[in-house]
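Not measured: the values here are computed from a predicted model.
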Amino acid sequence: GALKLLHILREPSLESVFQYLELLSIFLLVVAFRSYVSLFLENKVVASFLSFSVLFPLIFHFVLWRPANPLAYLQWFPWDIPSVLLFTVALIMLYKRKWVSYYVLFLIATFNRETTCFLTFIYLFTELGRSKPKIIAFHCVLQVIIWAAVKYFLFWLYMGNSIEGGTNYFSRGLFYAAEFYDGRNLDAVTNIRLYPFLFGVIGYLWIPVVLGLRLVRVHFVKRSLLLVFPFYAGMFYVGAMTELRNFGELVPVVLMAFLLILGELLRLEFSVGDHMREASHYIPPNNNIRR
């Protein structure tokens, strides 16, 4: 058994490397989400407990089956979970305005997956009305430059690569989107039978967020929810609407809002409960006046 283990260690397969990367990324994602929750919750014990809630929507994005074939499970790639992890850490950096760390992370994360462009939208939405227009413009332009440079470099690096069927995907252009031009995304969003599946994004937690939006009192978290609009518009063009893995970056954004709403509802329930308990112990004054 030991010899077999040594053999595996000497020649790790791509599949085993992927599995270890996936496991490490999930663990670090829980740790990162705990740090994000701790920004808005003073009780560290509760924050640690709530950090595991990030695993719930991941089931819908990376485990459950595809709508077309219940026996075929969703495909995902080694960069998917790390992308959610890096996006979560970037949210922390944006909130704390740690710009050096943020831009280093932004650069690395862009090499992993191009969805880092949506971090720029979060910065824009959360800073409008709070920072000077020149500062906002500077950071937005800088992020666009970094993102575009990485995007072009990767396009140039892999231009000669072929995909399934032997076709050269990159020869069709830098921003070619097969799902959009072939009409598959339009077919998906107009197929009512797919709605139960498509609405499963974030584990359906977006529904209570929409209903309880007024209870989200943290400016950064509430403004971050505006990301949903450009994100869905972007994915409709470049992604596949039936691949919920494409929406993983929305998990920390929407889930954090859901946790804040849940906290507000529990506080409201506790306050009502305290009021009722006080009322039950209340002894009215004796108004009977002896004449």
Of all heavy-atom pairs between [X] and [Y], which one has the smallest distance, and what is that distance?
X: Val216; Y: Ala257; value: CG2-O, 4.0 Å
X: Arg34; Y: Ala47; value: CG-O, 4.0 Å
X: Val89; Y: Ala32; value: CG2-CB, 3.8 Å
X: Pro78; Y: Leu21; value: O-CD2, 3.8 Å
X: Ser25; Y: Ile81; value: CB-CG2, 3.5 Å
X: Gly234; Y: Phe118; value: CA-CZ, 4.4 Å

Rounded to the nearest 0.5 Å, how far does [atom2] of [Y] lie from [atom1] of [X]?
X: Leu107; Y: Asn112; atom1: CG; atom2: CG; value: 12.0 Å
X: Phe231; Y: Phe121; atom1: CZ; atom2: CZ; value: 11.0 Å
X: Leu227; Y: Leu119; atom1: CG; atom2: CG; value: 8.0 Å
X: Arg97; Y: Ser131; atom1: CZ; atom2: OG; value: 4.5 Å
X: Leu86; Y: Leu105; atom1: CG; atom2: CG; value: 5.5 Å
X: Ile146; Y: Cys117; atom1: CD1; atom2: SG; value: 13.5 Å

Under the salt bridge (Lys or Arg N to Asp or Glu O under 4.0 Å) test, residues paired with Arg130 that sit two or more places apart: none
What residue among [options] forms side chain to side chain contact (heavy atoms under 4.5 Å, CB included) with [X]?
X: Leu205; options: Leu255, Val210, Leu262; value: Leu255
X: Leu41; options: Val45, Val37, Leu39; value: Val37
X: Ile122; options: Val253, Leu226, Leu225; value: Val253

Please list every donor-acceptor pair under 3.5 Å in which a side-chain atom of residues 51-59 meets a protein atom from a residue at least two apart or in another chain.
{"residue": "Ser51", "atom": "OG", "partner": "Ser48", "partner atom": "O", "Å": "2.5"}
{"residue": "Ser53", "atom": "OG", "partner": "Leu50", "partner atom": "O", "Å": "2.5"}

Just grab all the salt bridge (charged side-chain N to carboxylate O under 4.0 Å, His left out) pairs involving [range], residues at least two apart or on different chains.
range: residues 85-96; result: none
range: residues 217-226; result: Arg217-Glu264
range: residues 136-147; result: none
range: residues 112-123; result: Asp80-Arg113, Arg113-Glu249, Glu114-Lys151

Hydrophobic cluster (4.5 angstrom, side-chain heavy atoms) - remaining members for Val141: Ile145
Under a single-linkage definition using a 4.5 Å side-chain heavy-atom cutoff for Ile, Leu, Val, Met, Phe, Trp and Tyr, are [X] and [Y] assigned to the same hydrophobic cluster?
X: Val84; Y: Ile108; result: no
X: Ile261; Y: Val218; result: yes
X: Ile135; Y: Phe138; result: yes
X: Val251; Y: Phe229; result: yes
X: Val100; Y: Trp147; result: no

Quick one: list whatever passes ring-ring contact (aromatic ring centres under 6.0 Å, His included) with [X], sequence neighbours left out.
X: Phe106; answer: Tyr102
X: Phe125; answer: none
X: Phe220; answer: Tyr95
X: Tyr36; answer: Phe40

Would you check if [X] and [Y] make a side-chain contact, meaning some heavy-atom pair closer than 4.5 Å?
X: Leu124; Y: Leu128; answer: yes
X: Met235; Y: Thr115; answer: yes
X: Tyr232; Y: Val228; answer: yes

Between Phe60 and Tyr204, ring centroids under 6.0 Å: yes
Check: Tyr237 main-chain N/O paired with Asn185 side-chain donor or acceptor under 3.5 Å: no
Phe111 atom CZ, over 12 foreign heavy atoms within 6.0 Å: yes
Tyr103, OH: over 12 other non-hydrogen atoms inside 6.0 angstrom: yes
For residues 187-202, please give each side-chain donor-acceptor pair under 3.5 Å, one per line with the distance, not counting sequence neighbours.
{"residue": "Thr190", "atom": "OG1", "partner": "Leu186", "partner atom": "O", "Å": "2.7"}
{"residue": "Thr190", "atom": "OG1", "partner": "Asp187", "partner atom": "O", "Å": "3.3"}
{"residue": "Asn191", "atom": "OD1", "partner": "Arg193", "partner atom": "N", "Å": "3.1"}
{"residue": "Tyr195", "atom": "OH", "partner": "Val189", "partner atom": "O", "Å": "2.6"}

Parallel, tilted or perpendicular, as decided by the 30° and 60° cut-offs, for the rings of His139 and Tyr123: perpendicular
